[in-house]
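Working notes, beginning with the structure itself.
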2 protein chains.
Amino acid sequence: MSNENPSAAMFAQFAVVARALGHPHRLALMQLMAQGECAVETLADRAGLTVANASQHLQRLRRAGLATARKEGQRVLYRLADGAVVDLLGALRRIAENNLAEARQLIQTYFDRRDSLEPLTRRELRRLMRAGEVTVLDVRSPEEFAAGHLPGAINIPLRELERRLRMLPASQRVVAYCRGPYCVFSYEAVALLREHGYDARRLEDGYPEWKAARMPVEANDGAARPSAPARAADTARRR
Amino acid sequence: MSNENPSAAMFAQFAVVARALGHPHRLALMQLMAQGECAVETLADRAGLTVANASQHLQRLRRAGLATARKEGQRVLYRLADGAVVDLLGALRRIAENNLAEARQLIQTYFDRRDSLEPLTRRELRRLMRAGEVTVLDVRSPEEFAAGHLPGAINIPLRELERRLRMLPASQRVVAYCRGPYCVFSYEAVALLREHGYDARRLEDGYPEWKAARMPVEANDGAARPSAPARAADTARRR
DNA sequence: TATGAATTCAATTGAATAATTGATTACTTG
DNA sequence: CAAGTAATCAATTATTCAATTGAATTCATA
């Protein structure tokens, strides 16, 4: 295929990657995989896709070098190929935020409680954590939490938050986080907590970015590990 | 359009950007625009496209927030929207290089004189430039050169290089650069120079990356300027 | 070895894209 | 104002892509 012009051939390769990025479902799947390695059916479920459809999208991501798969027993576990994929997604996000009117509109409408909710940077949160002055709240699902989370975080999925409020000490500031910058969970969590009198704030983005920034993470199966290449702890025991 | 799920709507926006990236011709056009603001016909010419086709690709890039256009007289000048676009392209490139077998294959075949040609990093070149120990050679077209180039660079387009070799002092190391990491010009220039006994090396990537890294540039219309937002000096006098 | 579960494959349909062509719209200049 | 230039628009065709359905693999376990 066209080697008359080598740089055109390289561009064709880049285009393969870009087109694989270019579907909302695949972006959603990537965000989910950014939480940790995960089986096809689990991903399909969380993304609201049929298994066959998710499988095909995932295969396409794999062909484009954005994801990798390995077989474990009868399931196939997919994960992002590379920390650089998170960077790529971040760059994409930045362009859309800065230059697309529609995206800015959406942010204003749904996410721009942003100003009033004063997101914390990773660095700021890190400092508070070291000082022991903060309760870190992970509002994702228990499975995602188990695959990896911020050290010392408490896991209360959003839908259970109201019921389990008492688990959070009212005396201390709470910082909530979820799947990523455009995951609504942490926004809603902070709103709810504030209604109940908490001093609550959001982390600026989510777990994947924290991990990609090589901040410490820990997983459920035991010891904290500084920032190791997330061992295959997919806990999707389903049905 | 689908505001039931705000983060799905955001993903749809990101997908718009990604799909706009996802065509080899558009990537080529972006590389060309990364050299500096440029008129449609010029871009079409350099990319080897018909004007109508280039126009449509450019419009799509504009709609996706990757490029902007302004009208000057009877021509429309397009440029990249944002320094972040160069970052995005870089991230794309890195994924393809690391994870796509085909891309690695191409690099080996066409570009992996890489090792033997020992590319210089921007920082290294900067140091040599300050020390006055290097001749910087720009092998792009005069128009591209005029729109912006490394300070003190000599412009000899590749096809004229052999004829005008005497313009380069044989006593000093030569560092060549061109449009970007996958532009063949600088590879060929270095090969040619070495055949003629020069101590020649390549810059690791091209002018756009240099500029995006906020290194000093200068343009033909006069004074060097530290790294200002490239003024509209499109010198495409054509035909 | 038979059963069931997880995933992939194959074939179909409808939708979105890309390139081409020719016509049309702005703008400049004589 | 007329002529010419630069860019865009409109309509066509071939291609690629997405989602669905149902069948086919592959593996684990009884």
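Throughout, protein chains are lettered first and strands after them, A, B, ... in sequence-line order, and every chain is numbered starting at 1. Everything quoted here is computed from the prediction, not taken from an experiment. The analysis underlying the following values was restricted to heavy atoms, covering all of them including side chains, and did not include hydrogens, waters or symmetry mates.
Heavy-atom distances to DNA chain D give each of B:Tyr78 and A:Leu49 a nearest nucleotide, and the one nearer the 5′ end belongs to B:Tyr78. Summary of the strand contacts: B:Gly22 and A:Val40 both lie near DNA chain C, and taking for each the nucleotide with the nearest heavy atom, the more 5' one is attributed to A:Val40.
Nucleotide C:dT8 holds its C1' atom 15 Å from the CG atom of A:Leu43, rounded to whole Å.
Under 4.0 angstrom from either OP1 or OP2 of C:dA5 there lies no side-chain N or O belonging to A:Arg75.
Among residues two or more places apart in sequence or in another chain, the ring pair (Phe, Tyr, Trp, His ring centres under 6.0 Å) test is passed with B:Phe185 by none. Taking the side chain to side chain donor-acceptor pair (under 3.5 Å) definition, one finds that B:Arg164 meets it with B:Glu160, sequence neighbours left out. With sequence neighbours excluded, the residues forming a side chain to side chain donor-acceptor pair (under 3.5 Å) with B:Gln59 are B:Ser55, listed by chain and number. Scored by the ring pair (Phe, Tyr, Trp, His ring centres under 6.0 Å) test, B:Phe145 finds B:His149 as partners (sequence neighbours excluded). Applying the side-chain contact (heavy atoms from CB on, under 4.5 Å) test to B:Ala54 and every residue at least two apart in sequence or in another chain returns B:Ala44, B:Leu49. Under the side-chain contact (heavy atoms from CB on, under 4.5 Å) criterion, B:Ala28 pairs with A:Phe11, not counting sequence neighbours. Legend: residues meeting side chain to side chain donor-acceptor pair (under 3.5 Å) with A:Asn98, ordered by chain and number and at least two apart, are absent.
With the end axes of the helix from C:dT1-D:dA30 to C:dG30-D:dC1 each set by five pairs, the angle from one to the other reads 20° at 10° resolution.
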Any chance you could list the contact pattern along nucleotides 25-30 of chain C? Use B for base contacts, S for sugar-phosphate-only contacts and - for none, protein heavy atoms under 4.0 Å, 5' to 3'. -SBS--

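For the pair A:Arg202 and A:Tyr187, the cation-pi criterion (under 6.0 Å, within 45° of the ring axis) is fulfilled.
Interatomic distance, B:Gln31 CD to B:Leu80 CG, rounded to the nearest 0.5 Å: 10.5 Å. Within the model, atoms SG of A:Cys38 and CZ of A:Arg46 stand 4.5 Å from one another, a figure rounded to the nearest 0.5 Å. Interatomic distance, CD of B:Glu41 versus CZ of B:Arg75, reported as 7.5 Å (0.5 Å rounding). A:Leu150 CG to A:Tyr177 OH: the interatomic distance, rounded to the nearest 0.5 Å, is 4.5 Å.
Interface residues of residues 54-64 of chain A facing DNA chain D, ordered by number: A:Gln56, A:His57, A:Arg60; criterion, heavy-atom separation under 4.0 Å.
Residue contacts for B:Val51: at a heavy-atom cut-off of 4.0 Å it reaches a base atom on one of the strands shown.
For residues 12-26 of chain B, the side-chain hydrogen bond (donor to acceptor under 3.5 Å, both in side chains) pairs, not counting sequence neighbours, are B:Arg26-B:His57.
With a heavy-atom cut-off of 4.0 Å to chain A, the contacted part of DNA chain D has its first and last nucleotide at D:dT16 to D:dA28.
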